Student: 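I'd like to ask some things about the structure below.
A note on names: the letters A, B, ... follow the listed sequences, proteins ahead of strands, and every chain is numbered from 1. Just so it is clear, the structure is predicted and the values come from calculations on it, not from any experiment.
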Amino acid sequence: MPSAAVLGPMVLPLITAAVMAIFGFAGVNLGRVAAAVGGWGAVLALLVVWVPIRSSLELTLGQLGFGSAFDMRIDGVTFAFGLMIAIPAAILLTLQPRAWPQTVVAMLGLAAALAAVEAGGIVLTAIAGGTAATLAVVLLDTEDPRASRPSWAMLLAGWLALAWFGVMLQVGGGTAVYNAVPVATVTGPLFALLAGSAVLVSCVFPWRTWPAELWSRPSLRAAGVTVATLYPLGFYLLVRGYELGDGRYPHQLFNVALAGLGTIVAFAAAARAQAAPTRRRFLGEVVPGLGGFALAAIALGTPLGLVAGLILLATASLLIACLALLPDHAGIASLVTIAAAVGLPPGISFAARVVGIEATFEAGDFLGLIGVAGMATWATWMVGGARAIGLPGGRGHPSVETFPRISLVIALLMLAAGPAVAAIKVAYADPVAAEVMQSSAGSLTGGLVNVVTVSSVLPALTLLVPLLIFGAFVYAISGASTVRTQSRPALFKVPGAASAARMREALRSATVPEQYRSMFNLRGLETAAAGGRPLLWLGMLIALGFAVTR
Amino acid sequence: MLPESIELLAFAAASLVFALAFAPALAPRRALAVQGGAGLAGTAAVAAAPAFDLAVLGLMLLAVLQAAVGGKRTFAACLKAPGVAVALLALAALFARAEGPDLLQRFAAVGLAAGLAAAVGLLPYLHTFDPEEPIAASPVAWLAYIGPVVAAVIVADAHGLLTADAGAAFGAVLIGFGLVNMAWGSVGAWLTENTGAAWRYSFAADWGLALSGFGITLADGRRAALLVLFTVVLGRLPLYLVSGRSGKAPVTDRPINLLVAAALAGSAPFAGFAARVLLLRGATQLFWPLALVLALGMLLWLPGSLRLGRSLGIPRRRQAVGVALVLAANVAAGLYPLPLLAAAGL
Amino acid sequence: MIQLLLGIVAHAVALLLYPGLATMAAFGAVVELARMRLSRRVWEWPELPRRRPTPVVATVALCAVVAAVQTSAPFNPIAGDERSVVLAAVALTFTAWAELALTVEFVAEPGLLLIVQVCWLLAVLGPAVQPESLRPQVLGNLVVPGLLPVKIACAFLYLLCLPALLRLWPFTPPADKRVRQRLDAGRVLTWFPYCGLFTTMFITPSIDDAAGLLRFFGLTLAIGVVVVGFSVFLRWRGSAIARGLYTRVIAPFAGLVLLIVVITSTLLR
Amino acid sequence: MVEAASGFVAWLGVSLVVLSDGRRGLALGMALGALGLAGVSLPAAEPIGAIALVAGGAVAAARRFTAGPAGWAVMPAGSTPRLVLCVAGGLLALWVGVAVMTGSGGALRFAVMSVVGLTGARALAGENASVVQTALALLAVAIGAGAGLAPHTLIVWTYLAAGLVAAAVTWLPDRVQRAA
């Protein structure tokens, strides 16, 4: 396989975008066909490059000018995250009709996100990720400037922080290439910067942020693509963090803190979900919830936790496509989607969460308590899911962008994929662990049938296949029950949530008190600064002279 | 002549060509060509001057020539800041050359830094500004056309004039000016009432980055400064030229406006982001808390940039082509800045 | 391949017959009938469940069988190392909430029930924190003196939670207007997983022979009787006492259990 | 002795430029300033350099004599601060140039420092084109004179350039004011 093949996954969407733009300017909208070619082309390119060799392929083309070489590679991590990004984007670009400029921007965003996970070094990842973020903001704002979108400053802050982390590694260790950074360079404070940027990039916070907010937009065309391309990138950084530290984070405190954060995020999402006034609001919390579970699993620092987290993220990425295509009216599609989202057995979400929670117990050192908290969170999700089935649908989306049958198929696929969890682990997640946790990845065994953990074995195929058949049979013979659609009260209110919201609102609307306004009179300051007052200039000069003599 | 100055002159020439080809004809193109050409020649003279005193004399001549161009401000008002700049630079040269205590060298460093700020028109020595003034006669010409070369020359000569200790003081003062201009410029671009003034402050904010780059006495700092000046001369200035800078153009929210905002804000993949990466790199090598302050300051660009990007309106025909060219050039320089840096010998 | 098919068949037998669906139904019917008999002065045979299961019952059955096969019932076709307390806990949690999907009026005190659910999860998973093992029979086998306080505390908490989770507490849901009692299929299907899991986790496992079989089911039945007795007692004392118990006692006790788990883990580290 | 006198003459000239608003006063100040600066530059500049400075100053003075506000207008009403500035600036320059700085050429340093400082202040505060032009012309001459302190070999060219710039600055037309 020639090294240049690594460019395929990101170049194909770029070429498609260019062709669409040219035709678009000529007044011809190539539409969904071209978009599908670009999107699925990227997926195909990833498969073609990775599957035959299943080992790292790298292309280095010399320095770019900011201390980094043009170094792109496809390895297990790139493959896993690339599919996570490209598949939902491809589904949405194929099905949802868009104006050609929006398709072009979405294509460019996809290419940038893929470049971010293909980049061999941190600075290059920061530049590509920052590009993806910029394009996402452009895409969302042009679709509907009044609808909610991620804070551009927050996204930029995340990518800038990552760039700074990269240059710190370059200065300290001579390189910021993932697999070449000296382990000793990645100190605790430095890793805190990486973790902070990762959290900012994916906005993994306990409060309601863009991964949940975007689903309340009037149209979900831009929202789906944005969440699909941006949300996994923060987790990608945390996974690469293991590679930088030779299979572990610099201090176990990072594992505990990040796992704790993940659980808190998942619980906060669950708490909001069980109080959601509409089904759409509930579904909006699904991705942050799964992200929280995934973060908790990935941060454990064990190969088992890592693979569980990756499978959860992959499930979330499929759900993104599913949610963007799902209409808001009640029906079997909504029902099955909710069941798949909350992890009804024998779905893949169920199996992955079970493995993730088992991993917390086996990680030792009180991390089992995080597993207990994870179980409590999952229970809250179950409650929220059961409640959401009978909630009003919420604001409807244009029917032209919803595809109930496709979303139903995706949801059924997720429910039926549970028995394949071991196979998915072997083919999809294990290579990631082998890449970033080379020393301990050998503990992952079990083959295509079982997921073997230290203390037990999950008989994925042998237990879940009969369960799947039994489930299909029992639901097939069950009679119909009328689900009463009604506004349902929240089971509980998060203590302090209301006061926190009030505080946030107060901060937002904070103004300088009347009696102090004159001190902050911008016009007055502007006149003073731009007026060319001789005394001011002389004063500045004297002050500077005084300063340099200190 | 410094390779850096030659490159900056080439940027200025390119921006002049852009103005003639794509800018809306607010002034007769012939007059613009003559004035721009004269300015370019004068700037080239400053850059080519073999001695610091000759460069300062060239700067004075340039200032008088620009003041002679018809505009809204009085002749005396136009010469106020440049006159002070020339005086400060001359005094700094005197202090640097005289024998005596080390303190004299430090005063020389202050004079050079303050002279640079006054010549370009940065805080605390902002030139008086009238948004309605033609570009050739306005302070923007100093900020984005003449200023970059003048700054490169002054910084290069300063290192010849000053001792190592005073050179460090010079760098520190430049960084101080840089941080002040970053903060004031970006907040001003966001909150000031007049769109034209907002553009002027946004130039000052970019100059804040450039001064910080010059102040970081390392190769990465110089590289960052060069890239920032590229974004000023071949990014912000052309966009300013095609914008409704008086704020009369309707505010629009098209993709092009947001892309322009991203370019002005220094988001990836535009050249501003690469410049910021290099600046952080340099600051980290020098003193990492400075990098933290710079990184926080870099977040202030967004609100003002969104405002300016939206003030661009919807460019039509020639303007649209011009904007596309500027964005493409900035993306190219952002992704692959090496040729620019290599050409400048950095 | 044949081994794989044999494995699938063995698991299918476990799920559908023993200790899965059939066993659950038989055990549950016995216990439920006994409970109904005890809780009524005038005995009349209850209505049988509908012939076709509702989706709620289908969901309960689907999840309960997963939990049932995790018990260490003698002759369980599923190997010991393939059982997990997490699987059992998750599956049983689903059964408690399936009804909420239809309408909120079918669930009494849902907020309080959620608190009890969380406490029960702590009771199930608490003993697994320090040993770092999730095999139910391993947890049942643990007789390390240092772990006994955790086991006892968790066992007690588990039993306290069961009446609520089995809807045996004296709170009637708003929509429950039935005059004649009907055999609750959902509850019938969950008696065995709940009680069997308790026997598995907190009592030393029985060996695979007839005596062991009798011992296991005898103990499981005894747990059922204790729960029935407790629920009858609660109904007799009325809803005020029950509300007081579940609002003021169970959560603080769960906090205490958590504290014991943490202290034990610290001491035995 | 000649150098000291020249330094004093230079200070006197620049003080006249600072204190006058009329073309005659400005022209005289320009001429005296250039003469004084040429005098202090003589040792370093050799005759040709000094002549260049004087010539440039003379052309500038001649131009100022023919254009600008009429009369002498030396120390018009309200010019006390300017007087204070001239005296204080002169004293400061004298102290720094002779006492703080060491080595030969004290008069040159004093003259250049006082002229540059005071013309800079005049350019900053001046509202009239002819005043600012004159100040800048004298500043140009001072910059040329200051080159005498530099080690470089292009010193003669600097004097010539300074003379030319001084002449050019005053002869360039000040633009038609379009302020609304």
Student: Is A/Arg353 reaching over with its side chain to a backbone N or O of C/Val90, donor-acceptor style, under 3.5 angstrom?
Tutor: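 No: the side chain of A/Arg353 does not pair with the backbone of C/Val90.
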Student: Return the option, out of A/Gly385, A/Ala373, A/Gly343, with the maximum number of heavy-atom pairs under 4.5 Å with chain C.
Tutor: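 It is A/Gly343.
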Student: Let me know if C/Glu82 has heavy atoms under 4.5 Å from chain A in its side chain, its backbone, both or neither.
Tutor: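 Both backbone and side chain.
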Student: Using non-hydrogen atoms only, which part of C/Ile78 is less than 4.5 Å away from chain A: side chain, backbone, both, or neither?
Tutor: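 The side chain, not the backbone.
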Student: Who among A/Gly471, A/Ala490, A/Ser456 has the most heavy-atom pairs with chain C under 4.5 Å?
Tutor: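 Ranked by contacts with chain C, first place is A/Ser456.
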Student: Could you go through C/Leu15 and A/Phe470, starting from their C-alpha distance and side-chain angles, then the distance that decides it, and tell me whether this counts as side-chain contact (heavy atoms from CB on, under 4.5 Å)?
Tutor: CA-CA 9 Å; C/Leu15 288 167; A/Phe470 172 64; 5.9 Å; no
Student: How close do A/Ala386 and C/Trp97 get, heavy atom to heavy atom, and via which atoms?
Tutor: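 Of all heavy-atom pairs spanning A/Ala386 and C/Trp97, the closest is CB-O, 3.4 Å.
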Student: Which atoms of C/Leu4 are under 4.5 Å from chain A, going by heavy atoms: the side chain, the backbone, both sets, or neither?
Tutor: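 Both parts, backbone and side chain.
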Student: Pick from C/Leu62, C/Leu6, C/Val85: which one has the most heavy-atom pairs with chain A under 4.5 Å?
Tutor: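 Heavy-atom pair counts peak at C/Leu62.
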Student: Given the options A/Val465, A/Leu344, A/Val342, A/Ile357, which has more heavy-atom pairs under 4.5 Å with chain C than any of the others?
Tutor: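 Among A/Val465, A/Leu344, A/Val342, A/Ile357, the one with the most close pairs to chain C is A/Leu344.
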Student: Let me see the working for A/Leu369 and C/Val129 under side-chain contact (heavy atoms from CB on, under 4.5 Å), right down to the final yes or no.
Tutor: CA-CA 7 Å; A/Leu369 294 173; C/Val129 172; 4.2 Å; yes
Student: With a 6.0 Å cut-off (strictly less than), is the heavy-atom count around CZ of C/Phe156, excluding the residue itself, greater than 12?
Tutor: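 No.
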Student: Is C/Leu5 in contact with chain A via its backbone, its side chain, both, or neither, using a 4.5 Å heavy-atom distance?
Tutor: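 Neither part; nothing is under 4.5 Å.
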Student: Counting only heavy atoms closer than 4.5 Å, note whether C/Val118 contacts chain A via side chain, backbone, both or neither.
Tutor: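 The side chain, not the backbone.
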Student: What distance separates A/Leu367 CG from C/Glu132 CD, expressed to the nearest 0.5 Å?
Tutor: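 The distance works out to 9.0 Å.
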Student: Counting neighbours of CZ on C/Arg187 that are heavy atoms of other residues, nucleotides or ligands and sit closer than 6.0 Å, is the number greater than 12?
Tutor: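 Counting neighbours around CZ of C/Arg187, more than 12 heavy atoms of other residues, nucleotides or ligands fall under 6.0 Å, so yes.
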Student: So which part of A/Phe473 gets closer than 4.5 Å to some heavy atom of chain C, the side chain, the backbone, both or neither?
Tutor: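 Neither part.
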Student: At a 4.5 Å cut-off on heavy atoms, which part of A/Val383 comes close to chain C: side chain, backbone, both, or neither?
Tutor: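 Backbone plus side chain of A/Val383, per the 4.5 Å heavy-atom cut-off to chain C.
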Student: Of the backbone (N, CA, C, O) and the side chain (C-beta and beyond), which part of C/Val261 lies under 4.5 Å from a heavy atom of chain A, both, or neither?
Tutor: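 It is the side chain, since no backbone atom gets that close.
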Student: How far does CG of C/Leu134 sit from OG1 of A/Thr360, to the nearest 0.5 angstrom?
Tutor: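 Result: 7.5 Å between the selected atoms.
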Student: As a test of understanding, state which of A/Leu463, A/Leu461, A/Leu464 forms a side chain to side chain contact (heavy atoms under 4.5 Å, CB included) with C/His11.
Tutor: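 Option passing the side chain to side chain contact (heavy atoms under 4.5 Å, CB included) with C/His11: A/Leu463.
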Student: Heavy-atom distance under 4.5 Å to chain A: side chain of C/Leu21, backbone, both or neither?
Tutor: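 C/Leu21 touches chain A through side-chain heavy atoms alone.
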Student: How close do C/Ile8 and A/Pro466 get, counting heavy atoms only, and between which atoms?
Tutor: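 Closest approach of C/Ile8 to A/Pro466: O-CG, 3.7 Å.
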Student: Measure A/Leu467 against the heavy atoms of chain C and call it side chain, backbone, both or neither at under 4.5 Å.
Tutor: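 Both backbone and side chain.
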Student: State, to 0.1 Å, how close C/Leu100 and A/Arg488 come at their nearest heavy-atom pair, and which atoms those are.
Tutor: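 Nearest pair, atom of C/Leu100 first, then A/Arg488: O-NH1, 2.8 Å.
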Student: What part of C/Ile115 gets closer than 4.5 Å to chain A, counting heavy atoms only: side chain, backbone, both or neither?
Tutor: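 Answer is neither: C/Ile115 stays 4.5 Å or more from chain A.
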Student: Against chain A, label C/Leu114 side chain, backbone, both or neither, depending on which of its atoms sit under 4.5 Å from a heavy atom there.
Tutor: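 For C/Leu114, side-chain heavy atoms alone lie under 4.5 Å from chain A.
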Student: Below 4.5 Å, heavy-atom pairs only: which of A/Glu358, A/Gln274, A/Glu362 has the largest tally toward chain C?
Tutor: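 Looking at each of A/Glu358, A/Gln274, A/Glu362 in turn, A/Glu358 comes out on top.
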Student: Are any non-hydrogen side-chain atoms of C/Leu87 and A/Leu458 less than 4.5 angstrom apart?
Tutor: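 Result yes, sub-4.5 Å side-chain heavy-atom pair found.
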Student: Which answer fits C/Ala91, side chain, backbone, both or neither, if we ask what part of it has an atom under 4.5 Å from a heavy atom of chain A?
Tutor: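 Neither part.
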Student: Let me know if A/Phe361 has heavy atoms under 4.5 Å from chain C in its side chain, its backbone, both or neither.
Tutor: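 Contact with chain C: backbone and side chain both.
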